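Remarks on the structure that follows.
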Amino acid sequence: MDTQAVVEWFDAHERPLPWREPGTSAWGVLLSEVMSQQTPVARVAPQWEEWMRRWPTPQDLAAASKADVLRAWGKLGYPRRALRLWECAKEIGEGEVPGDVDKLLALPGIGEYTARAVACFHFGHNVPVVDTNVRRVYARAEEGRFLAPPPAKRELAQVEALLPEENGPRFSAALMELGALVCTAKNPDCAACPIKSTCAWQLAGCPEPSEEETARAKKRVQKFTGTDRQVRGLLLDVLRATPHPVEQSALDAVWPDAAQRSRAQASLLEDGLMDVNDEGLFHLPH
DNA sequence: AAAGCGTGGGC
DNA sequence: TGCCCAAGCTT
């Protein structure tokens with residue numbers, strides 16, 4: 001892969017995301033990465049600014065209540081991430097965000113991607129960073145397949161083999177950005193691609209994915225309407241909206257199917273996203 | 001290791 | 001409209 005061409009394209013097309021400003025702390029980068037897990041970057045930016053204003057350090061977040069943290073999370077989705085961030089802050093204690101992949105991996109809610117992103121983008125370590133964008137670009141440019149195969153351990157070594165010795169982190173960011181802006185999942189803008197001339201998928205004549213690959217991709221997309229996830233979201237909406245604990249009846253009003261409603265409510269209690277007080281009223285955790 | 005976990009925008 | 005997708009992690 002022409003890493004130079006990818007970086008030059010990035011130099012010209014990089015989005016001005018707030019956490020890319022020089023001087024952003026390790027905590028700021030970690031926060032941006034967690035917020036961006038499965039949530040579009042455009043929706044993350046304002047939320048990130050708000051969090052950094054309220055809780056600029058892990059010590060600040062650790063001192064906040066979980067209820068405040070969950071309300072500030074707003075509608076970014078997957079609110080367990082907010083709880084994990086709060087736990088991260090508690091674990092860091094009076095210390096600092098670690099720069100080693102292994103130590104980052106040990107933090108709650110930090111997996112293979114996020115650990116490497118922080119180590120690479122903040123600390124400048126030249127480690128492979130593999131997210132859905134990188135997987136897709138690699139599949140197309142290197143393997144000639146339109147759809148990336150299911151995530152596998154193998155990818156780390158494959159992407160590591162691409163890393164230039166100089167400016168590795170810059171290239172890693174560029175590769176992700178290329179996947180986000182040009183080599184997109186649905187309608188890639190190949191005319192704007194800096195590595196079109198060497199892209200394996202282009203050289204193979206832009207083959208359509210097989211029936212099997214298409215079926216696998218389709219299966220990956222989860223239902224939402226009518227699932228427990230939707231009900232959990234509706235229940236949490238009630239708790240986020242009111243400053244005081246609510247009666248069971250207020251929760252019952254959001255969904256007609258009682259069995260599903262109780263199941264969703266029980267799972268929220270189990271996850272620590274909901275709590276009951278001694279009067280039997282429900283609220284966000286303290 | 002497959003499945004669960006939110007939410008909203010684009011087409 | 002309904003489907004597809006989005007800087008994944010956990011169990």
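Quantities reported herein were computed from a predicted structural model and do not represent experimental measurements. Every chain is numbered from 1 and lettered A, B, ... according to where its sequence line falls, protein lines coming before strand lines.
A salt bridge links A:Glu177 to A:Arg20: at least one charged side-chain nitrogen sits closer than 4.0 Å to a carboxylate oxygen. Electrostatic pairing of A:Arg53 and A:Glu49 does not count as a salt bridge here, judged by no charged N lying under 4.0 Å from a carboxylate O. The existence of a salt bridge linking A:Arg170 and A:Glu14 is confirmed by a sub-4.0 Å separation between a basic side-chain nitrogen and an acidic carboxylate oxygen. The existence of a salt bridge linking A:Glu87 and A:Lys90 is excluded, since no basic side-chain nitrogen approaches an acidic carboxylate oxygen closer than 4.0 Å. A salt bridge links A:Lys75 with A:Asp237: the closest approach of a Lys/Arg side-chain nitrogen to an acidic carboxylate oxygen falls below 4.0 angstrom. Salt-bridge formation is detected for the pair A:Arg263/A:Asp228: a Lys NZ or Arg NE/NH1/NH2 atom is positioned less than 4.0 Å from an Asp or Glu carboxylate oxygen.
Using modelled atom types and a 3.5 Å distance limit, the side chains of A:Gln37 and A:Tyr113 yield no donor-acceptor pair. For the residue pair A:Thr39 / A:Arg81, a side-chain donor-acceptor distance below 3.5 Å is found, with atom types taken as modelled.
Note that the CG atom of A:Asn277 and the NE2 atom of A:His286 stand 7.5 Å from one another [nearest 0.5 Å]. From A:Trp27, atom CH2 reaches atom SG of A:Cys88 across 6.0 Å, with rounding to the nearest 0.5 Å.
For the pair A:Thr227 (side chain) and A:Phe224 (backbone), a donor-acceptor distance under 3.5 Å is present. Checked by atom type and distance alone, the side chain of A:Trp201 pairs as donor or acceptor with a backbone atom of A:Pro207 at under 3.5 Å.
Scanning residues 153-171 of chain A for heavy-atom distances under 4.0 Å to DNA chain C yields an empty list. If you check residues 245-266 of chain A against DNA chain C, you find no residue with a heavy atom closer than 4.0 Å.
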Handout entry: Dot-bracket encoding per residue of DNA chain C, Watson-Crick/G-U cut-off under 3.5 Å, | denoting interstrand
Key = .|||||.||||
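Using C1' as the reference atom, C:dC5 and B:dG6 are 14 Å apart when rounded to the nearest Å. B:dA1 and C:dG8: their C1' atoms are spaced 15 Å apart (whole Å). B:dG8 and C:dC9 have their P atoms separated by 23 Å, given to the nearest Å. Rounded to whole Å, the P atom of B:dC11 lies 15 Å from the corresponding atom of C:dA7.
Using a 4.0 Å heavy-atom cutoff across all strands shown, A:Pro151 reaches no nucleic acid atom at all.
For DNA chain B, the span of nucleotides reached by chain A at under 4.0 Å from its heavy atoms goes, 5' to 3', from B:dG4 to B:dG8.
There is no path of hydrophobic side-chain contacts, each under 4.5 Å, that joins A:Ile92 to A:Leu105.
Residues A:Leu178 and A:Pro194 are in side-chain contact: their nearest non-hydrogen atoms beyond the backbone lie under 4.5 Å apart.
Residue pairs that meet the salt bridge (charged side-chain N to carboxylate O under 4.0 Å, His left out) test with at least one member in residues 187-204 of chain A, sequence neighbours left out, do not exist here.
Across the interface with DNA chain B, nearest-nucleotide mapping of A:Gln230 and A:Asn187 shows A:Gln230 to be the residue nearer the 5′ end.
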Practice task
Mark up nucleotides 5-11 of chain C, 5' to 3', with B wherever a protein heavy atom is under 4.0 angstrom from a base atom, S wherever such an atom reaches only the sugar-phosphate, and - elsewhere.
Solution key: SBBBSS-
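Aromatic rings from A:Trp51 and A:Trp73 are positioned such that their centres are separated by under 6.0 Å.
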